[in-house]
Structure formats: structure tokens, C-alpha cells
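Here the structure comes first, spelled out in C-alpha cells, and everything after it is commentary.
Numbers for residues simply follow the sequence, beginning at 1. Order of appearance sets the numbers: ligands from 1, and atoms from 1 within every ligand. What you see is a predicted model, and the numbers here were worked out from it, not measured in a lab.
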Amino acid sequence: MHSSEKKQLLKALGIHATNPGVSTGSKWIKTKGEYLASFSPADGEKIGSVQAADKASFNRIVTISAKAFKEWRTWPAPKRGEVVRQIGNELRQYKEPLGKLVSYEMGKSYQEGLGEVQEMIDICDFAVGLSRQLYGLTMHSERAEHRMYEQYHPLGVVGIITSFNFPVAVWAWNAMIAWVCGDTCIWKPSEKTPLCSIACQLIAARVFEHNKVPEGVSCLVNGDASIGKLIAACEQIPLVSATGSTRMGQAVGQQVVSRFGRPLLELGGNNAIIITPSADLDLAMRAVVFGAVGTAGQRCTTTRRLIVHEKVYVKVKERLVNAYAQLKIGDPLDPKNHVGPLIDQQAVDNYLGALEAIRQEGGTFVVEGGVLKGKKYTSGCYVKPAIAEVKNSFAIVQKETFAPILYLIKYKTLEEALDIQNDVRQGLSSAIMTMNMQEMEMFLSHRGSDCGIANVNIGTSGAEIGGAFGGEKETGGGRESGSDAWKQYMRRQTNTINYGKNIPLAQGIKFDL
Ligand code: UN1
């Protein structure tokens, strides 16, 4: 990005060369923490830096957020929803610069950057409606002249740990829902995308200030994994929502559970698409290619495995080779390009390590990978999307590699395809391409996909916010964003009221004095 364009972008979002990184809303807190430098994977340039939290500033944030909760929970939920509605409007205003920053700091295409901001807007709209629908049930009591019902109360301070690959949307999924539920939030963004977090915090804080929302409802703590650990261990944070690797989730989850907190985990995926003989291959190809190379393979919903029926296997392989030959890799802000860079050198090393492991285990490359060199690729993070024929049992295939590597696996019967699909430790997303009703229903039945998301004739990625998002097994079991995911952000209370003159005991127990 040209320096004048960069300056203009940062100015539009209120970002400086060096930024404080710890905030309770409109106030920014000085710390003794180090500065995290943010480099664009697009051109390798330093964009700016953000000061990390230290233990003292973290503790201060928790105290302020816990205090703010006491007031925020007294606001009627639809009033809280009104604040979130205004945040949605602000995001509409800032969609272009924020989408551009997401693209520049994270490396996904500008189109996908805009899509991510749209996902934030969508969750705001959803949360506004939800603020009038935080329903509990009523039940019939077994005792005469008794009434039973359940209600949902605000929970407290919610910790939100997010990953670099969705630097703004996943925060919004959590924060917007938590806010209408009456919770306050402490957000620890990825240290790889700190500037996106500054932009979001500034947008939310402006709306909060305008509405006199108490300081501490929207907190930001930039920092590395040590800050994530403080969140996981903090007894004043009843819910910790964490998105990232299985390893991170296991550590956070265990820590949170050990203090009887509630973890909400959204971890790795190893998502497959099954292509059956009846599939519409034009449609399937588009779904597969976007699923495999979109966000340069760095979505937790990325299509990693393609399980193809032997009858269409050769045709699918040929069409994929053709489609991959047309992929344009380069600057994510250039609309001509389909694939941007990986996030950093470490990601490139992991990608190269995976290619080597495929070779070692006996895989055959259908489309060769490799790192792109040359002036256009100054950051060194641009890699070629690769396709390899493998066995599902390969150790490397069983692992989630956050890069554009697609595995091809052949099958004969649908039962076999389903076994392959489910035979991984992760359980996030899955899809089948079929025009056959029996195949489709089998895939969606209890004998079918074991994932949290199961799609028909669309890819594994690109879920809408209205559904509950998350997965089973090593994916962590959490559900975020739509449907009734909000229930995790509240505490449920069952109430029994006796409006009679007697006090009968439940289960017919006699206890007369
Ligand atoms: C993630 O990769 O962590 O379904 C989230 C999708 C996006 C969200 C992905 N809506 O691909």
C-alpha cells in the first residue's frame, strides 16, 4: 500500500503509529507492557504498534469491568439493544476503511475484509432483535397453586480471546450478544492483528460515550498468550470465549473449568466435502475452490479434505487442476487477486513443513505448492495453493494446517465416505455435493456427519451469523453467534412461586409438625 493511502486509512480509523492497547472504553490505560508491532503480510511493511497490557493494567481493567457490570445489568435489555443498533450503524459507516484494514493487516482479500465487517453488522442486527427476546420457559408445577418459570440474568464479565484470521467479526459475535445480555466484555485480540482491535474499540467507545454507557462495558487488553492466561485464570470472569488452536483451547478450557468458570471454545477444524456421483460439478467446483483457498486456507472452516466418488474422481481432479491454474495470487487489496498471503513467516514454515510431511508419508501432488518469490511478493508470505492425493490416515491429514492445502481422497460407497469424513479428531464443518435425496438425508442423519455444521451443495466455510456456529470433538463443543447461543452469556434461574395458603412438598413428601 502506498504510504499516502496507508496514512489516509489509519487516519480514517483514528489509528496512530504507536497506540495504547489497553482500554476500558473511552479511556486508554498506560502500562509497562511492550509494544506489539504489526506488519502487513501483504507487503511486509510495519503498519503501527500497540502497547500490550501488563498484569497491573489487566487487574485494573477487571476491577473496572466488574464495577461497570453492576450498572450495565440494570439497563433494560432493549435499551442495551439500542446501543448495539447504533454500533451497527457506525460499522455501516466504517465498512470500507475497516474492511481495508482487515485486508491489509490480516492479508485476506478486500472482498473478504468487507464480508467480515458485514458479518459484524449482521450480528448487531441480530442482537438488537434478540434484546427483546431473551426468553425463558414457563412450566406447570406439580403442586396446586404454584407457578414455575425460568429466567435469564446477566452473567458478568465475559473474556473474549480471538484469533488473527477473523480479527474483527469473532469479537463482534461475542461482544454484541454479551452486551444485549447485560454482560461486560474484556477482549484480548490476536497479537498478530492488534490494529484491527484498536479500530473496533474506537468505534464502540464513541457510541458508548454518546449513550453514557458506563466505562468498562467494552474493555480491550492487547497482549500475547500471557494475557490470555490471566483471563483464563481470573475468577471474576465467569465466561471465557476462546477462538484459536486446539492446543490453546485445551489450556484455556482446563484452566477455566478448574475454577468452575464456563469455557466457550471454537477451535480447529478439519473440514471435508463429499462429492457424490450425482453432484452438479459446476456448482461443486466453485464451492470447493473458495472453501480451500479463500482466506488462503486460514479459516477454521476451510475445506481441507475432498472425498470424491471413484466414478467422478478423475473428472474432479482435472477440473480442480484447471481451476487452480487460473488462481491469481498476490496483493489482497488488488481486486484481481483471489488469494492473499499467509499471516507470517511462521505460517509459511508450517505450510512448508506440511508439504514435506505429505511427501514423506507417500502423498502425490496434483498441484504443487511452494513459496512465491519476486518483487510482487516482498513480504515472503505468499504461497501457492496445493492439492495432494493422500490417505485419510496420514498423520499430516489428521492435523489442521492453516494454509491452502487440499487433500484428495477417493471413495466407493457413501458409508465409506462418511467414515472418512468423520474419522478425524476435529468436528467443525462438513458438506456434501449431491442431487440425490437419499444421499443428502443420509449425510444429515444421525449416521451422517458428526460435525457442528453440515451443509448440502454449499462449501464448508462462509456460515451465516443466524445459526449457532461451532463444532464437536476437538473443535471444543462451543456454539457462538446466532440461534440460542446467547444462553451461554446469561445465567439461568428456575423460580417456583406458591400463591396458595398451603405448603405442599414436591414429590408428595409428607412432613407434618
Ligand atoms: C473462523 O474461521 O474462525 O463460516 C470463523 C465462516 C465464517 C467464520 C469463520 N463466517 O467461514
Donor on one side chain, acceptor on other, S40 and E105, under 3.5 Å:
no

With a heavy-atom distance limit of 4.0 Å, tell me whether E266 approaches ligand 1 through its side chain, its backbone, both, or neither.
side chain

The closest protein heavy-atom partner of atom 9 (C) of ligand 1 is F166 CE1, 3.5 Å

Could you give me the CA-CA distance, side-chain angles and deciding distance for E441 and R447, then say whether salt bridge (charged side-chain N to carboxylate O under 4.0 Å, His left out) is met?
CA-CA 10 Å; E441 291 294 340; R447 284 187 285 169; over 6 Å; no

For W171 and W187, take the angle between the two ring planes, folded into 0 to 90°, and tell me which bin it lands in: parallel under 30, tilted 30 to 60, perpendicular over 60.
parallel

Does any N or O atom in R299 lie less than 3.5 angstrom from one in ligand 1, N or O only?
yes

Separation between CG of L414 and CE of M440, rounded to the nearest 0.5 Å
12.5 Å

For W173, which part has a heavy atom under 4.0 Å from ligand 1: side chain, backbone, both, or neither?
side chain

Tell me the protein heavy atom at minimum distance from atom 1 (C) of ligand 1, and give that distance in Å.
C300 SG, 2.7 Å

Region of N165 engaging ligand 1 - heavy atom pairs below 4.0 Å
side chain

Note: ligand 1 atoms sitting under 4.0 Å from heavy atoms of A463 are 4 (O), 6 (C), 10 (N)

Treating R479 as the side-chain partner and Q488 as the backbone partner, does any N or O pair qualify as donor plus acceptor under 3.5 Å?
no

Atom 6 (C) of ligand 1: closest protein heavy atom, distance to 0.1 Å, is G462 N, 3.1 Å

Is the closest N or O pair between Q298 and ligand 1 shorter than 3.5 Å?
no

With heavy-atom distances below 4.0 Å as the criterion, list the atoms of ligand 1 near E119.
7 (C), 8 (C), 10 (N)

Q111, CD atom: more than 12 neighbouring heavy atoms under 6.0 Å
no

Counting N and O atoms only, with roles assigned by atom type, does the side chain of N270 sit under 3.5 Å from a partner on the main chain of G427, one being a donor and the other an acceptor?
no

